[in-house]
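In what follows, a structure is listed as structure tokens, so that the remarks can point back to it.
First listed ligand is number 1; within each ligand, the first listed atom is number 1. Note: hydrogens, waters and symmetry copies are ignored here, and every other heavy atom, side chains too, is used.
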Amino acid sequence: MTQMTEGVYFIEGQDEFIPDSHAYVVGRPGSQDLSLIDPGLMGKGNYKIQSIQNLGIDLKEITRIIMTHTHLDHIGCCAEIREQIPWAELWVHDIEAGPLEQGDERTVYGMEMFQNMCMTQYNLKPGAFTFYVDRRLQGGENLDIGGMTWEVLHIPGHSPGSIGLYNRLEKILIPGDVVYADYAIGRFDLHGAKGTELKNSLLQLAGLEVNMLLPGHNRIVKDLPSGYIAETARQWAPYLT
Ligand SMILES: [Zn+2]
Ligand SMILES: [Zn+2]
């Protein structure tokens with residue numbers, strides 16, 4: 001786990017044959033109001049908790065888990081982590097909150113073939129990813145959390161309820177799986193995904209000033225060149241129809 005800046009910590013995903021999402025902790029130390037963004041893959045709960053503790057963060061300070069979206073590689077170890085911080089609320093975009101509460105796992109697994117494979121590999125029962133959602137995010141909120149302001153951006157396309165978290169003051173973007181470093185973007189063939197929506201979401205992100213890009217996978221970038229996301233959107237536009 002690495003401190004990116006005061007109030008933003010990065011825990012690198014530990015990929016297996018399925019990727020494990022990066023996790024982030026946001027909020028000023030001592031605020032008693034820290035948020036864990038995206039727990040990660042099944043089996044990674046202890047690693048993520050250990051990483052948080054290694055940085056000297058008291059688990060009691062973590063008051064909520066915010067999901068950029070509810071794919072398996074992001075929500076897989078949510079239950080493991082909540083065993084250790086059972087008081088933490090779960091915040092999810094409205095569109096993915098309903099299915100999550102009803103045990104509709106199509107968005108979690110993304111496709112049937114993958115679901116069958118994962119259920120066998122990890123010995124998962126139907127309904128393993130049913131969660132009560134404490135707060136349904138819509139997009140457009142300014143969250144005052146941990147002494148920092150984070151804007152919620154609804155950026156569908158990779159999944160229907162994908163959100164980005166944006167700190168305008170420090171120009172930090174946590175876009176989930178919508179956009180990565182190296183001009184890469186999230187896949188748009190899974191359940192509820194839509195290329196045209198992803199195109200619009202990329203254009204929305206391209207309008208932001210971003211210095212630090214903290215995506216769900218792959219490299220993180222501390223000094224993102226200006227126009228980087230706009231160029232990413234331009235390169236992918238022909239495929240996002
Ligand atoms: Zn992911
Ligand atoms: Zn994803």
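Side-chain polar atoms of His69 and Asp38 form no donor-acceptor pair below 3.5 angstrom. Looking only at atom types and distance, the side chain of Glu96 has no donor-acceptor partner in the side chain of Thr107 under 3.5 Å away. Residues Asp94 and His154 have side chains that never bring a donor and an acceptor to within less than 3.5 angstrom of each other. When only modelled atom types and interatomic distance are considered, Gln84 and Asn46 share a side-chain donor-acceptor pair under 3.5 Å.
Aromatic ring centroids of His158 and Phe188 lie 6.0 Å or more apart.
The pair Arg168-Glu209 fails the salt-bridge criterion, with no side-chain N (NZ, NE, NH1 or NH2) lying under 4.0 Å from an Asp/Glu carboxylate O.
For the Zn ion (ligand 1), the nearby protein N/O/S atoms, meaning those under 2.8 Å, are Asp73 OD2, His74 NE2, Asp177 OD2, His217 NE2.
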